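Along the sequence shown, residues carry numbers from 1. The structure displayed is predicted, hence computed values, not measured ones.
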Amino acid sequence: LHTKRRNIIGSGIFISPKGVLEHAGSVGLSLIVWVCGGGICTLGSMCYAELGVTIPKSGGDYSYVTEIFGGLVGFLLLWSAVLIMYPTTLAVIALTFSNYVLQPAFQHCFPPFIATKLLATICVLFLTWVNCSSVRWATRIQDIFTIGKLLALVLIIIVGLVQICRGHYDALQPSAAFEFSQDPSVGQIALAFLQASFAYSGWNFLNYVTEEVVEPRKNLPRAIYISIPLVTLVYTMTNIAYFSSMTPEELLSSNAVAVTFGEKLLGMFSWVMPISVALSTFGGINGYLFTSSRLCFSGAREGHLPYLLAMIHLKNCTPIPALLLCVLVILCIGETHNLINYVSFINYLSYGVTIAGLLYLRKKRPNLARPIKVNLLIPISYLIFWAVLLGFSLYSEPVVCGLGMVIMLTGVPVYFVGVQWKEKPKWLYRLVEKLTYKGQKVCYVVFPQDDPSETEPLTAKATD
């Protein structure tokens with residue numbers, strides 16, 4: 001339960017409120033989006049709980065989709081995760097870390113983007129070095145820096161409740177809360193949900209380690225029923241606290257909402273807020289870097305990515321090539337606002353495909369043992385919401401959302417050439433083997449000892 005709460009309560013709550021309010025157009029509707037977003041995550045989690053005990057494999061969406069729909073669909077999910085979901089999420093969190101660190105020094109303007117990008121790059125490279133050096137260091141950083149995240153949220157909520165008790169809730173009164181700054185539209189509300197979903201991302205992370213969960217039939221539903229309502233309450237209360245002291249215009253004009261909140265209410269202790277959020281985002285970068293490298297590692301072991309990515313450091317047992325690939329993609333990414341719509345669209349697309357797989361598996365293998373079996377109305381309701389959300393998001397942001405789909409579909413020729421095509425020219429095998437050997441020497445990595453592939457020639461693996 002602790003793991004699930006820690007993964008869901010992420011740095012997104014310090015990033016998304018501005019985007020949710022901007023697209024929702026009013027305080028009241030933005031709060032409704034936050035509450036409904038938690039409800040949608042609950043429906044999705046219940047579906048994933050059934051999949052987690054029916055297909056008891058670690059790897060989450062990638063493992064389920066590969067098992068149900070076959071290699072191509074699984075590869076496209078892996079391709080989009082490696083090229084879009086994880087790198088973009090990491091870039092957003094890293095740039096947010098930089099904004100919160102630099103904002104106190106630029107109180108009356110936005111920090112220069114070059115300074116923000118430079119600090120974000122230094123942070124990512126440092127944490128990459130930590131993850132390459134020791135798994136123990138990486139997990140300790142994650143545990144320690146979670147405290148910063150919780151400190152910031154508890155402080156915001158308590159101060160906000162004190163403000164409300166003092167009568168400072170003008171923006172929350174119904175007459176003011178539903179004053180729209182723009183005419184509401186379904187497309188804009190869909191984009192508001194995408195912004196909120198970025199903060200809730202992580203609700204499916206427990207399925208990435210299903211094989212390690214003790215009594216998953218009991219503990220997966222328990223994690224859902226306790227964690228997601230708790231997270232929804234925390235996020236909603238955080239936004240209510242923001243509106244107890246900031247007008248919608250102040251929130252939208254702020255580049256670091258929690259810092260602006262602290263400057264207005266904490267006086268000489270306002271420095272606590274940027275430090276707490278910086279600690280939170282620092283830990284968030286570390287957590288996503290740890291998880292994304294393991295996904296590359298898993299994909300390589302399945303033969304869907306180059307075998308070099310499945311190798312680990314000879315002494316430290318860390319997947320250095322997979323980490324370096326993630327960092328390389330991260331460093332090519334830029335601004336944050338559109339990135340959130342971009343990554344949330346692809347996230348929702350993968351969630352929907354996975355949950356559609358649940359319905360397909362029910363029809364294809366009705367007698368399969370299912371220790372947890374949800375009512376069919378739950379996946380159907382989720383998929384109806386999913387179709388409406390993605391359809392109107394694509395209509396409202398065709399370039400941003402369409403680009404994500406195009407990048408995902410570029411994986412189709414890559415799959416057929418790199419994975420499906422077995423009779424490749426011998427010179428290509430020799431080139432891949434040579435590059436892999438060079439990569440092993442540079443990174444000092446080998447296949448894990450319990451992997452039988454360690455003793456097989458690489459060219460033989462490529463022709464299997």
Taking the six-membered ring for Trp, is the centroid-to-centroid distance between Tyr235 and Tyr200 below 6.0 Å? yes

Exercise for the section: Might you confirm whether atom CE of Met237 has over 12 heavy atoms from other residues, nucleotides or ligands at distances under 6.0 Å? Expected result: yes

Correct closest heavy-atom pair for Thr66 and Gly74 would be OG1-CA, 3.3 Å

Closest heavy-atom pair, Ala24 versus Leu29, reported as atoms and distance to 0.1 Å, is O-CD2, 3.4 Å

key: Heavy-atom side-chain proximity of Ile68 to Thr354 below 4.5 angstrom   = no

- Task: Can you establish whether the number of heavy atoms outside Ile114 located under 6.0 Å from its atom CD1 is more than 12?
- Result: no

| field | side chain to side chain contact (heavy atoms under 4.5 Å, CB included) between Val124 and Leu90, worked out | value | CA-CA 9 Å; Val124 169; Leu90 275 162; 6.0 Å; no

Pairwise side-chain contact, Phe14 with Val257, heavy-atom cut-off 4.5 Å (strictly under): no

Do the ring centers of Tyr348 and Phe193 come within less than 6.0 Å of each other? no

Value for OH (Tyr64) from OG (Ser350), rounded to nearest 0.5 Å, stands at 13.0 Å

query: What do the steps show when you test Ile285 against Phe126 for side chain to side chain contact (heavy atoms under 4.5 Å, CB included), and what is the final call?
result: CA-CA 11 Å; Ile285 297 165; Phe126 171 75; over 6 Å; no

Value for CG (Leu78) from CE (Met408), rounded to nearest 0.5 Å, stands at 11.0 Å

Notebook entry, point to check: Is there a donor-acceptor pair closer than 3.5 Å between any side-chain N or O of Glu250 and the backbone N or O of Thr247?
Noted result: yes

Do the side chain of Ser98 and the main chain of Thr116 share a donor and acceptor less than 3.5 angstrom apart? yes

Flag the pair Trp79 / Phe75 as yes when their ring centroid distance falls below 6.0 Å, and as no otherwise.
yes

Side chains of Ile228 and Ser45 in contact at under 4.5 Å (non-hydrogen atoms): yes

- prompt: Is the closest side-chain heavy-atom distance between Phe261 and Leu251 below 4.5 Å?
  reply: no

Rounded to the nearest 0.5 Å, the CG atom of Leu376 sits from the CZ atom of Arg362 at a distance of 4.5 Å

Q) Would you call Pro248 and Leu21 a side-chain contact if the rule is heavy atoms closer than 4.5 Å? A) yes

Correct closest heavy-atom pair for Ala192 and Val20 would be O-CG2, 3.7 Å

In this structure, OG1 of Thr260 is separated from NZ of Lys18 (nearest 0.5 Å) by 9.0 Å

**Report entry** Residues Trp34, Ser16; criterion side chain to side chain donor-acceptor pair (under 3.5 Å); working and verdict
**Finding:** CA-CA 10 Å; Trp34 282 106; Ser16 296; over 6 Å; no

**Request:** Might you work through the side chain to side chain contact (heavy atoms under 4.5 Å, CB included) test for Arg370 and Leu361, ending with a clear yes or no?
**Result:** CA-CA 11 Å; Arg370 293 177 171 85; Leu361 196 63; 3.9 Å; yes

Heavy atoms of Pro379 and Leu358 approach each other most closely as CG-CD2, 4.0 Å

Problem - Heavy-atom side-chain proximity of Tyr415 to Leu76 below 4.5 angstrom - result: no

Note to self: So does Met246 get a backbone contact from the side chain of Lys264, meaning a donor-acceptor N/O pair under 3.5 Å?
What the structure shows: no

Correct closest heavy-atom pair for Ser80 and Ile346 would be CB-CG2, 3.9 Å

If we ignore hydrogens and angles and just use 3.5 Å, is the side chain of Thr238 paired with the main-chain N or O of Val234 as donor and acceptor? yes

task = With the side chain counted from C-beta on, respond yes when Ile240 and Ile164 share a heavy-atom pair under 4.5 Å apart, and no when they do not.
result = yes

Give a yes or no on this: more than 12 heavy atoms of other residues, nucleotides or ligands lie within 6.0 Å of atom OH of Tyr360. no

Original post:
Take atom CZ in Phe392; do more than 12 heavy atoms of anything else shown fall under 6.0 Å from it?
Top reply: no

dist Leu389:CG -> Ser344:OG (nearest 0.5 Å) comes out at 9.0 Å

Test side chain to side chain contact (heavy atoms under 4.5 Å, CB included) on Leu119 and Phe97; report intermediate values, then the result. CA-CA 9 Å; Leu119 182 58; Phe97 165 81; 4.1 Å; yes

query = Counting only N and O atoms by type, is there a donor-acceptor contact under 3.5 Å from the side chain of Thr410 to the main-chain atoms of Ile407?
reply = yes

Say whether, by atom type as modelled, one donor and one acceptor occur between the side chain of Ser396 and the main chain of Ser393 under 3.5 angstrom. no

Minimal heavy-atom distance between Trp386 and Leu349, with the atoms involved, is NE1-CA, 3.7 Å

(Q) Tell me whether Ser201 contacts the main-chain N or O of Phe198 through its side chain, where contact means a donor paired with an acceptor under 3.5 Å. (A) yes

Side chains of Asp61 and Tyr48, heavy atoms from C-beta outward: is any pair under 4.5 Å? yes

One should read off an interatomic distance between Thr96 OG1 and Phe282 CZ, to the nearest 0.5 angstrom, of 15.0 Å

